[in-house]
Student: 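My structure is below; once you've seen it, I'll send some questions.
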Amino acid sequence: MKIQEIAMRDLDVGKFIEQKVDEISSIAEDGIAVNALSGGVDSSVVTMLAHKALGNRLKSYFIDTGLMRQDEPRQIVSWFKELGVPVELIDAQNQFFGALKGLTDPEEKREAITQAFYKDVFGRLARESGAKCLLQGTNYTDVEETVAGVKRQHNVLEQLGINPEEVYGYKVIEPLIQLRKPAIREIGKAAGLPEEIYERPPFPGPALAARVIGEVTPERVETVRKATTIVEEELSGTGAFQYLAILHEDKVTGLREGKRDFGFQIEVRCWDSEDAVTGSPTRLPYETLEKLAERITTEVERVVSVTYNITKKPPSTIEAI
Ligand code: XMP
């Protein structure tokens, strides 16, 4: 089935929310639905819509893949608790690192995450809770990029000919699939999310694994996680669309306290963009770049080189894998 985009100018926010709440109720009937909350804008909006539709028949899970940012699992669960939406934290770090072990090819890594997510972790949760459907925040850009073969977004299934009901044993409901990010933020605002959630910069489904070039190990994720914290602290006030740190696979020769240090390279990206379809590097002040380099090389062990991406999308993409 071809998905039709709903452009921002054609969106009636109130009507959209009402329609999606009805749709979710009628698909879930009087059963239970499970929801994959990552804390990003899209999955947070879906959680609010599904909570309105199903109340306590919605079981929301935050999957701790081991690939999230510093303190993110605890923070997201506590934000939603304040909104009256209970979210259960599931520790699935071993499954994800196990699935990623030894893989270096970007599409193979994405596929491994997809399988760990839908088959192992959600397969079990759906079976145990008796849920027949899973809700998730796939958006129009995810579908477009996957179908165009740019990147297999971890959450796109049907458009690749995968029938989740046959393969995983549950339906997948995607209320936001016709919308792009700015429209989703409007829905989030109207659905009662606080600004700190509906205005969050986008964060990819495969999380920090999308920012580790080469093998994704707990140690390598920890390096990119520390660099990410610094990048977010320094760039959150810029108003940029998205900013991130990437760990490169190649090491380079550095110099520390007069001695050779064959260490890691971190690449910083900061994007101006409307909807992630195209983007330009933000013209950050040189002082900001210098501060990033100084902090990352002193606060993140073994990093001896920090670079800033100056390439537009296209030909770059926003994330590294
Ligand atoms: P790219 O890297 O393809 O990213 O230029 C476009 C936007 O999508 C986000 N992104 C993802 N979001 N699942 C998601 O839900 C994914 O697999 C995924 N990969 C990239 C990225 O952060 C950017 O905002």
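Because the structure is predicted, anything quoted here is derived from the model rather than measured. We count residues from 1, following the sequence as given. When a ligand or atom number is given, it counts from 1 through the structure's own listing order. The basis for the numbers below is simple: all heavy atoms, side chains too, and nothing from hydrogens, waters or symmetry mates.
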Student: Have a look at R69 and tell me which of E232, E222, E233 forms a salt bridge (charged side-chain N to carboxylate O under 4.0 Å, His left out) with it.
Tutor: E232
Student: Taking E186 first and then K189, would you say they form a salt bridge - that is, a charged N and a carboxylate O separated by under 4.0 Å?
Tutor: no
Student: Enumerate the atoms of ligand 1 whose separation from the nearest heavy atom of T317 is less than 4.0 angstrom.
Tutor: 1 (P), 2 (O), 5 (O)
Student: Show the atoms of ligand 1 that are less than 4.0 angstrom away from any heavy atom in Q242.
Tutor: 21 (C), 22 (O), 23 (C), 24 (O)
Student: Work out whether the distance between some heavy atom of K181 and some atom of ligand 1 is less than 4.0 Å.
Tutor: no
Student: Inspect the surroundings of NZ in K291 and state if more than 12 heavy atoms from other residues, nucleotides or ligands are less than 6.0 Å away.
Tutor: no
Student: With heavy atoms of E145 as the reference, note each atom of ligand 1 found under 4.0 Å away.
Tutor: 1 (P), 3 (O)
Student: Please report whether ligand 1 has a polar contact with R211, defined as an N or O pair separated by less than 3.5 Å (distance criterion only).
Tutor: no
Student: Evaluate E145 against R110 for salt bridge (Lys or Arg N to Asp or Glu O under 4.0 Å), listing each step before the verdict.
Tutor: CA-CA 14 Å; E145 295 220 329; R110 284 176 170 266; over 6 Å; no
Student: For D30, does the CG atom sit with more than 12 other heavy atoms under 6.0 Å from it, leaving out its own atoms?
Tutor: no
Student: Does P206 have a non-hydrogen atom less than 4.0 Å from ligand 1?
Tutor: yes
Student: Using a 3.5 Å cut-off on N or O atoms only, is F203 in polar contact with ligand 1?
Tutor: no
Student: Ring pair (Phe, Tyr, Trp, His ring centres under 6.0 Å) with Y168: which residues, sequence neighbours excluded?
Tutor: Y118
Student: Heavy-atom distance to atom 1 (P) of ligand 1: which of D275, T146, N139, I318 wins?
Tutor: I318
Student: With atoms numbered from 1 as shown, which atoms in ligand 1 lie under 4.0 angstrom from a non-hydrogen atom of A276?
Tutor: 6 (C), 7 (C), 24 (O)
Student: Side chain or backbone of P202 under 4.0 Å from ligand 1, or both, or neither, by non-hydrogen atoms?
Tutor: side chain
Student: Tell me, please, which residues at least two apart from F122 pass ring pair (Phe, Tyr, Trp, His ring centres under 6.0 Å).
Tutor: F117
Student: Report, in ascending order of atom number, the atoms of ligand 1 lying under 4.0 Å from any heavy atom of G205.
Tutor: 12 (N), 13 (N), 14 (C), 15 (O), 16 (C)
Student: In terms of side-chain heavy atoms, does T217 have a donor or acceptor partner in E215 at a distance below 3.5 Å?
Tutor: no
